[in-house]
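These numbers come from a predicted model, not from an experiment.
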Amino acid sequence: MTTTRFAPSPTGYLHIGNLRTALFNWVIARKAGGTFILRLDDTDPERSKPEFADQIKRDLEWLGLTWDRVETQSSRLDRYNAAADELRTPGRFYECFETPTELDLKRKKQLNMRKPPVYDRSALSLSDGEKDALRAERSGHWRFKLNHERIEWNDGILGDLSIDAASVSDPVLIRGDGQFLYTLASVCDDVDFGITNVVRGSDHVTNTATQIQIIEALGGAVPTFAHHSLLTGPQGEGLSKRLGTLALKDLREQGVEPMALLSHLARLGSSEPVELRQNMADLIDGFDLSRFGSAPTKFDVADLGALSAKLLHYMDISRVQGDLDALEIPTELATPFWEMARENIETRADLAGLWALCRDGVEPLIDTEDIDFISKSMNLLPANPRSDTSWKEWTTAVKEATGRKGKGLFMPLRKALTGMSHGPDMSKLLPLLQNIGGR
Ligand code: GLU
């Protein structure tokens with residue numbers, strides 16, 4: 001059975017880059033009728049915070065990316081210990097004692113000699129006596145001993161990949177302070193939870209190579225891997241510095257519609273154009289991982305505003321009923337109000353202003369040369385309740401009485417009624433205006 005996971009570390013807020021990973025994994029599971037696991041990578045006790053974990057769940061709920069179960073790495077330390085023992089026995093795990101400074105020096109020397117900065121495995125030649133002496137000074141960290149062969153896989157996005165294990169340092173899986181590092185924990189989880197497909201950012205390609213060997217050493221089944229490109233800003237600049245401003249919770253506060261965000265990310269960076277989806281079933285249907293490319297993908301937050309507005313313009317009233325209820329819009333006005341409003345809002349928050357205009361009216365905007373014209377027009381205003389033919393009837397009567405036409409007729413009326421020179425279709429708005437100077 002298809003099982004995927006989204007594995008954020010609860011050390012910060014989810015941003016647009018994380019969402020791409022979450023969405024791809026979620027869609028793959030849902031398309032196959034499989035399982036989607038939310039895995040919290042919280043092995044770092046200093047940086048992991050419950051409030052970040054809570055916010056991650058709220059963000060995913062807001063987007064409708066429902067999970068079948070939650071797993072937390074901090075509750076699986078016994079399992080990681082057992083896995084470490086399993087790797088120690090056949091000698092795939094070895095203890096090292098270099099300090100960060102020593103490692104740094106080694107790397108610099110290698111680079112000076114134009115050699116790749118790969119760990120030289122000198123710890124492997126330490127005698128038991130030397131190890132004991134070093135252990136007395138500091139605690140050792142543990143590395144996984146890679147088999148020096150080519151590691152190959154068929155990547156769901158990047159195609160056939162092959163990495164020479166000798167070009168990669170043996171990964172550290174347990175730190176000197178005993179903390180399990182992501183790689184060991186992630187591999188154990190993927191094996192134990194029966195993960196069949198892993199989609200993640202292309203910054204993980206080298207991890208994947210080493211993880212394949214660790215999975216095999218643990219006797220697990222290797223999942224299918226796919227690595228999506230990383231997002232950049234509109235000019236191709238790295239997003240990492242700006243990701244703080246692209247947190248999902250902030251986008252939500254700015255009024256971005258979940259389906260606009262998901263529709264955008266379900267296509268951005270693929271060979272197919274962005275199509276606005278009103279529901280998840282259509283989004284899942286139209287998703288194809290193999291259409292995504294390896295080139296960095298440009299993301300412009302401004303696109304989200306435009307897509308959100310467009311989504312609202314076509315949205316069925318049932319999806320905004322809660323917002324209309326919150327504004328206490330009378331039931332009989334709800335449908336005509338939404339028909340009028342939806343083409344004139346960027347976000348749902350704009351509904352409040354339009355409803356205030358309908359319920360309370362506004363201070364009219366009248367140019368000096370229009371004072372007479374407006375007072376004549378007001379005498380001709382059809383009485384409440386007004387209908388969707390009232391605007392036509394009124395402007396026809398005003399035209400006959402004043403001889404004005406075109407913009408000279410319509411614009412002063414619009415400004416007097418709405419206080420603005422642009423806005424909703426007046427024939428849809430007029431029947432909703434409950435208070436035009438008391439009428
Ligand atoms: N916690 C890891 C990350 O956010 C998970 C990577 C993975 O998918 O294995 O980078």
Side-chain angles (χ1 to χ4, degrees), residues 7 17 21 41 80 83-84 86-88 90-126 140-176 179-191 195 197-230 232 238 240 292-296:
T21 312
D41 285 3
Y80 308 147
E86 222 178 294
L87 295 171
R88 262 180 210 114
R92 294 303 296 274
F93 221 23
Y94 62 101
E95 199 174 11
C96 306
F97 297 91
E98 290 89 350
T99 62
T101 322
E102 283 164 0
L103 288 173
D104 204 39
L105 207 67
K106 282 188 191 208
R107 269 195 294 270
K108 282 192 181 129
K109 272 193 193 153
Q110 286 167 315
L111 288 172
N112 275 342
M113 289 157 63
R114 295 184 189 282
K115 285 190 180 160
V118 176
Y119 177 62
D120 61 7
R121 294 184 161 175
S122 49
L124 275 179
S125 46
L126 293 173
H141 54 273
W142 290 80
R143 286 185 191 262
F144 176 77
K145 189 165 167 243
L146 291 166
N147 283 335
H148 281 175
E149 59 193 21
R150 292 204 81 83
I151 306 168
E152 294 173 356
W153 75 95
N154 181 263
D155 194 281
I157 293 174
L158 303 175
D160 283 332
L161 287 187
S162 145
I163 289 187
D164 181 2
S167 69
V168 183
S169 294
D170 289 338
V172 177
L173 301 192
I174 306 181
R175 291 203 323 199
Q179 191 182 313
F180 292 104
L181 286 174
Y182 148 77
T183 306
L184 179 64
S186 181
V187 161
C188 285
D189 292 351
D190 287 344
V191 169
I195 300 301
N197 303 65
V198 173
V199 184
R200 55 191 176 194
S202 52
D203 48 338
H204 281 289
V205 167
T206 311
N207 286 341
T208 295
T210 59
Q211 288 181 14
I212 287 174
Q213 281 206 1
I214 305 171
I215 293 171
E216 284 169 345
L218 288 171
V222 178
T224 303
F225 287 98
H227 296 85
H228 59 71
S229 63
L230 300 183
T232 71
S240 53
F292 286 81
S294 58

Any donor-acceptor pair under 3.5 Å linking the side chain of [X] with the backbone of [Y]?
| X | Y | answer |
| --- | --- | --- |
| Glu102 | Thr99 | yes |
| Thr232 | Gly238 | no |
| Thr210 | Asn207 | yes |

Go through the structure and list residues passing side-chain hydrogen bond (donor to acceptor under 3.5 Å, both in side chains) with [X], not counting sequence neighbours.
| X | answer |
| --- | --- |
| Thr21 | His228 |
| Arg175 | Asp177, Gln179 |
| Glu98 | Lys106, Tyr119, Ser122 |

For [X], side chain to side chain contact (heavy atoms under 4.5 Å, CB included) partners two or more places apart:
| X | answer |
| --- | --- |
| Leu230 | Ser202, Asp203 |
| Ala217 | Leu87, Arg92, Phe144 |
| Pro117 | Arg107, Gln110, Leu111 |

Please round to the nearest 0.5 Å and tell me the distance separating atom [atom1] of [X] and atom [atom2] of [Y].
| X | Y | atom1 | atom2 | answer |
| --- | --- | --- | --- | --- |
| Gln211 | Leu184 | CD | CG | 10.0 Å |
| Leu161 | His227 | CG | NE2 | 8.0 Å |
| Ser186 | Leu173 | OG | CG | 11.0 Å |
| Ile157 | Ser294 | CD1 | OG | 9.5 Å |
| Ile214 | Leu218 | CD1 | CG | 7.5 Å |
| Thr224 | Asn154 | OG1 | CG | 8.5 Å |

Identify, with sequence neighbours excluded, every residue that meets salt bridge (charged side-chain N to carboxylate O under 4.0 Å, His left out) alongside Glu86.
->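 Once residues adjacent in sequence are excluded, the partners of Glu86 under the salt bridge (charged side-chain N to carboxylate O under 4.0 Å, His left out) criterion are Arg79.
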At their closest point, which heavy atom of [X] faces which heavy atom of [Y], and how far apart are they?
| X | Y | value |
| --- | --- | --- |
| Ser167 | Val118 | O-CG2, 3.4 Å |
| Ala209 | Ile151 | O-CD1, 3.4 Å |
| Pro223 | Ile215 | CD-CD1, 3.8 Å |
| Ile174 | Ala84 | CD1-CB, 3.9 Å |
| Ile195 | Val198 | CG2-CG2, 3.7 Å |

Could you go step by step and tell me if Tyr80 and Val187 meet the side chain to side chain contact (heavy atoms under 4.5 Å, CB included) rule?
-> CA-CA 9 Å; Tyr80 308 147; Val187 161; over 6 Å; no
With sequence neighbours left out, write down each residue that passes ring-ring contact (aromatic ring centres under 6.0 Å, His included) with [X], or none if nothing qualifies.
| X | answer |
| --- | --- |
| Phe292 | Phe24, Phe287 |
| His204 | Tyr182 |
| Tyr94 | none |

Before giving the answer on side chain to side chain contact (heavy atoms under 4.5 Å, CB included), spell out for Phe225 and Val205 the whole-Å C-alpha distance, their side-chain angles and the decisive distance to 0.1 Å.
-> CA-CA 9 Å; Phe225 287 98; Val205 167; over 6 Å; no
Does anything in residues 143-170 pair up under salt bridge (Lys or Arg N to Asp or Glu O under 4.0 Å), and if so which pairs, sequence neighbours excluded?
->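 Pairs touching residues 143-170 that pass the test: Arg121-Asp170.
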For the pair Trp153 and Val222, evaluate side chain to side chain contact (heavy atoms under 4.5 Å, CB included) and give the outcome as yes or no after the intermediate values.
-> CA-CA 10 Å; Trp153 75 95; Val222 178; over 6 Å; no
